[in-house]
Amino acid sequence: MSNPPLQAVEITPDNVEAAMKVKVRKDQNTFVAPVVTSLAEAYASRETVWTRLILDGDRPVAFVMADFAPDEDEPDFQCGIWRLNVAEGEQGKGYGSFAVRAFLEEARGRGNKRVTVMWVPGEGGPAEFYRKLGFHDTGRVFDGEVVAELFLD
């Protein structure tokens, strides 16, 4: 019997505890907030935020949080990834790429043509990961974070 494929599932009362157990490597804590912080921010922005737990079978392996705010005045904040946490020991297995693709599919389905992501620059940070997925630096920096964009087909 084979395991179910990778899934991006909505955060619910049934899986919120599992989501909060997704923890990145300690050396990555300077690059991404913990899932529990993201969930608190998601609650405060629940009208526009999109959160998903990435499951490999029944194992929680990653968490992604994005925002869809088409009425936002700042274009960099209309459609973008806020957080991507891949659990320690699970990196390099395609889970992060799967999470980003799930977000891109949702963005396309909502009619978005451009998506953004921001990251804290530094050695060991996510810059190369996002660049390999097609994101390009915009040359802008917001609150110390590099702003990158990807135009959807």
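Put simply, Val147 and Val115 are part of two different groups of oily side chains (I, L, V, M, F, W, Y) that touch within less than 4.5 Å, one to the next. Cluster membership for Val16 and Met65, using ILVMFWY side-chain heavy atoms within less than 4.5 angstrom, is shared. Connection of Val22 to Leu39 is established within a shared hydrophobic cluster, with ILVMFWY side chains joined at heavy-atom distances below 4.5 Å, either directly or through further cluster members. The cluster map of Ile, Leu, Val, Met, Phe, Trp and Tyr, joined by side-chain heavy atoms under 4.5 Å apart, puts Val32 and Val35 in different clusters. Hydrophobic clustering of Ile, Leu, Val, Met, Phe, Trp and Tyr side chains at less than 4.5 Å, counting indirect connections, keeps Tyr130 apart from Val141.
The two residues Leu53 and Ala19 make their nearest non-hydrogen contact at CD1-CA, 3.7 Å. Shortest non-hydrogen contact noted between Ser97 and Leu133 is OG-CD2, 3.9 Å. When every heavy atom of Asp73 is checked against every heavy atom of Gln78, the shortest pair comes out as O-NE2, 4.4 Å. When all heavy atoms of Ala69 and Asp67 are compared, the pair lying nearest together is CB-OD2, 3.5 Å.
With rounding to the nearest 0.5 angstrom, the CZ atom of Arg59 is 9.5 Å from the CG atom of Leu6. The CZ atom of Phe31 sits 14.5 Å away from the CZ atom of Arg83 when rounded to the nearest 0.5 Å. To the nearest 0.5 Å, the span separating CE on Met118 from CZ on Phe77 amounts to 3.5 Å. In this structure, the separation between CZ on Phe98 and CD on Gln7 is 7.5 Å, given to the nearest 0.5 Å.
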| query | Does the pair Phe68 and Asn112 meet the rule for a side-chain contact (heavy atoms from CB on, under 4.5 Å), with working shown? | reply | CA-CA 9 Å; Phe68 294 100; Asn112 291 280; 3.7 Å; yes
| field | Trp50/Cys79 under side-chain contact (heavy atoms from CB on, under 4.5 Å): CA gap, chis, key distance, verdict | value | CA-CA 10 Å; Trp50 182 86; Cys79 177; over 6 Å; no
| said: Could you walk me through whether Thr30 and Val120 satisfy the side-chain contact (heavy atoms from CB on, under 4.5 Å) test, starting with their C-alpha distance in whole Å, then the side-chain angles of each, then the deciding distance to 0.1 Å, before giving a yes or no? | reply: CA-CA 8 Å; Thr30 57; Val120 175; over 6 Å; no
| Is there a side-chain contact (heavy atoms from CB on, under 4.5 Å) between Leu104 and Leu150 once you walk through the steps? | CA-CA 10 Å; Leu104 295 176; Leu150 174 70; 3.8 Å; yes
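When each of Ile54, Val117, Val64 is tested with Leu84 by the rule side-chain contact (heavy atoms from CB on, under 4.5 Å), just one qualifies, namely Val64.
Residues satisfying the ring pair (Phe, Tyr, Trp, His ring centres under 6.0 Å) test with Tyr95, not counting sequence neighbours, are none.
The neighbour count for Glu47 CD, taken as heavy atoms of other residues, nucleotides or ligands under 6.0 Å away, is above 12. Within a 6.0 Å radius of CD in Glu72, other residues, nucleotides and ligands contribute more than 12 heavy atoms.
Using modelled atom types, one side-chain atom of Gln91 and one backbone atom of Val86 make a donor-acceptor pair closer than 3.5 Å. A distance-only check finds a donor-acceptor pair linking the side chain of Asn85 to the backbone of Ala33 [under 3.5 Å]. Judged purely by atom type and a 3.5 angstrom limit, Asn15 uses its side chain to pair as donor or acceptor with the backbone of Glu10.
In this structure, Arg46 satisfies the cation-pi test against Tyr43, with its NZ or CZ atom closer than 6.0 Å to the six-membered ring centre and inside 45 degrees of the ring normal.
Two residues are said to be in side-chain contact when any heavy atoms from C-beta on lie closer than 4.5 Å; Val49 and Glu41 fail this criterion. Contact annotation: the side chain of Asn29 approaches that of Val24 to within less than 4.5 Å [non-hydrogen atoms, C-beta and beyond]. Contact check for Asp137 versus Arg131: side-chain heavy atoms found under the 4.5 Å cut-off.
Within the structure, salt bridge (charged side-chain N to carboxylate O under 4.0 Å, His left out) contacts touching residues 108-126 (residues at least two apart or in different chains) are Asp76-Arg114, Glu106-Arg110, Arg114-Glu149.
Between Phe135 and Phe129, the distance from one ring center to the other does not fall under 6.0 angstrom.
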